[in-house]
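Here the structure is a predicted model, which means the values were calculated and not measured. Protein chains get the first letters and strands the later ones, always in sequence-line order, with residue 1 at the start of each.
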Protein chains: 2
Amino acid sequence: MRSRENLIPVYYRLADDIKQQIEAGVLKDGDLIPTEAQLGEQYAISRMTVRQGIALLAEAGLIATVKGKGSFVTRPRLNQLVIDLTNSGVSKEQLRYKLVSVNLVRNNLELAHELGLSGETNIIAVKRLLFKGQLPVAIEEKFLRYQKGKPLLETQLEYADFPELVAKHQDSVPVRNDMVISVAALSAEQAKLLETEEVLPALVVKQVIYAKEDKPLGVSIMVCHKDRFELKATSYPLSGRL
Amino acid sequence: MRSRENLIPVYYRLADDIKQQIEAGVLKDGDLIPTEAQLGEQYAISRMTVRQGIALLAEAGLIATVKGKGSFVTRPRLNQLVIDLTNSGVSKEQLRYKLVSVNLVRNNLELAHELGLSGETNIIAVKRLLFKGQLPVAIEEKFLRYQKGKPLLETQLEYADFPELVAKHQDSVPVRNDMVISVAALSAEQAKLLETEEVLPALVVKQVIYAKEDKPLGVSIMVCHKDRFELKATSYPLSGRL
DNA sequence: CAGTGGTCTAGACCACCAT
DNA sequence: TGGTGGTCTAGACCACTGA
């Protein structure tokens, strides 16, 4: 029952039809869409195929299906925004990295606690500078558990993004990344690295990467020059496939 | 073929098994998982049921399926973080709102351009103050196209969040929300509203809500006190169902 | 009780990929 | 060419909802 001329699957066509009706206001927030049986009859397709289309709409947040009742039109989840770090701030191609320092930290209790370690464990601290062209835009500081027999190759230090770095260097598999965005003033040292005046505020982006069971694997703190870096987010990717 | 004792569906069990193997490192990044036919035989279930489990894993970003080849284990998309505005910053229960002003703006070219309007159109400007307990934490300024015959009721002004407000007041259906996060210094007026010193920097969160075909419906700008407000994001919700 | 979505089957044909 | 995932069917039984 696939459309003859088009290569697009039937269930996709069904989902798109309903999406159009929602975006045009024909189907409004709270409305019940036709039952799966009815849609199957309308499109002359089997119920399992209808369900495939329904699933697309539910995944995109356009409808919510309730067992025993039906599928309701819902306002898209515009309160859920996605930050894509691989694209945000500055496009990846323009970015250059410069390694500032690599250290072994010991007896830093606050850091050790954040990484779920005792104070005596060695922690690797990597500091990088991010450039956009010739302009330094951010200082990135990363802290990882010291993992024996897993040297941090310089290529990894220079190019890998943070989750990738953690994945390569740790034995545990990273499964979650938590982020906190805040504002802080630049220290004298940070201002010097960013080639700017001391008094400037900065955007601070802190990430903590976890393995399963909330085991922390690494911490990253980015201090971004306020006029050279922006974080972007959008609700769209969630419904990107439709 | 549903598990007899448990109420959990078989396809969910299959997905969870594979997820455990990935998180334990048994299946590594790039590995091929068994084919759908093999999994069907292993679990003694039909191929369509296997595919339901596979779909869960793909949705969570744990695997990527390639037509004609198979399903590969992939590192979870830790670079994609979700901001949930209904929970971020401060928990919703603690928030109080105070309406500062409602104005009709005309001939503000910059604003009109952002809303896709000519300079002579009326724009509604709503300014609110957000409190956490007795402390003002942020100034929220919203701009919407003036829509005839759709008054902004005061209850909506006080309580609705931004996408909800836009949905209620505009004829077009909102479908996308873009956000830019940056840093700026407080103006004297803003500092006074936030009951703080003038020189402080602030977190600035700007949102633009669009209808289909990139038609802008509304703009919201939140200016947040640096010590009283944080934005949180996490990669986890994307794989929350598993 | 009738109607709904949730799960599951045992097939089928196709498009794509590697060899 | 044989193997893979992508689509689709025409059934079935279940759990949940509401009257």
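- Summarising the geometry, the separation between OH on Tyr43(A) and P on dT7(D) is reported as 17 Å, rounded to the nearest angstrom.
- With salt bridges taken as basic N to acidic carboxylate O contacts below 4.0 Å, none links Lys19(A) and Asp17(A).
- Note: CG (Leu14(A)) to P (dT9(D)) measures 11 Å, nearest angstrom.
- In this structure, Gln52(B) atom CD and dG5(C) atom P are separated by 16 Å, rounded to whole Å.
- Atoms CZ (Arg51(A)) and P (dT7(D)) sit 16 Å apart, rounded to a whole Å.
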**OP:** Carefully, step by step, assess Asn79(A) and Asp84(B) under the rule side chain to side chain donor-acceptor pair (under 3.5 Å).
**Re:** CA-CA 6 Å; Asn79(A) 274 320; Asp84(B) 192 338; over 6 Å; no
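- Asp29(A) pairs by the side chain to side chain contact (heavy atoms under 4.5 Å, CB included) definition with Arg75(A), not counting sequence neighbours.
- In terms of modelled atom types and a separation under 3.5 Å, the side chain of Ser235(B) and the main chain of Asp178(A) share no donor-acceptor contact.
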What's touching nucleotides 11-13 of chain C from the protein side, N or O pairs under 3.5 Å?
unit_1  : atom_1 : unit_2   : atom_2 : d
dA12(C) : N6     : Arg47(B) : NH1    : 3.4

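- Salt bridge annotation for Glu23(A)-Lys212(B): absent, with no cationic side-chain nitrogen under 4.0 angstrom from a carboxylate oxygen.
- In this structure, Phe72(B) places its CZ atom 12 Å from P of dT4(D), rounding to the nearest Å.
- Between Lys69(A) and dG18(D) there is a side-chain polar atom (N or O) within less than 4.0 angstrom of OP1 or OP2.
- Contacts between residues 34-41 of chain B and DNA chain D, defined by a heavy-atom separation under 4.0 Å, are made by Thr35(B), Glu36(B).
- Put simply, Thr49(B) has no side-chain N or O that comes within less than 4.0 Å of OP1 or OP2 on dC8(C).
- Ion pair Lys206(A)/Glu114(A) flagged as a salt bridge, since at least one NZ, NE, NH1 or NH2 atom sits closer than 4.0 Å to an Asp/Glu carboxylate oxygen.
- If you find the closest nucleotide of DNA chain D to Lys67(B) and to Val66(A), the one lying nearer the 5' end belongs to Lys67(B).
- Nearest heavy atoms, Ile124(B) versus Arg145(B): CD1-O, 4.3 Å.
- The pair Arg176(B)-Asp214(B) meets the salt-bridge criterion, since a charged nitrogen lies less than 4.0 angstrom from a carboxylate oxygen.
- Between the CG atom of Leu32(B) and the P atom of dC17(C) there is a distance of 15 Å, rounded to whole Å.
- At dT7(C), one or more side-chain N or O atoms of Tyr11(B) fall inside 4.0 Å of OP1 or OP2 (strictly under the cut-off).
- The existence of a salt bridge linking Arg51(B) and Glu36(B) is confirmed by a sub-4.0 Å separation between a basic side-chain nitrogen and an acidic carboxylate oxygen.
- Comparing atom distances between the Pro9(B) side chain and each of dT7(D), dA10(D), dC8(C) picks out dC8(C) as nearest.
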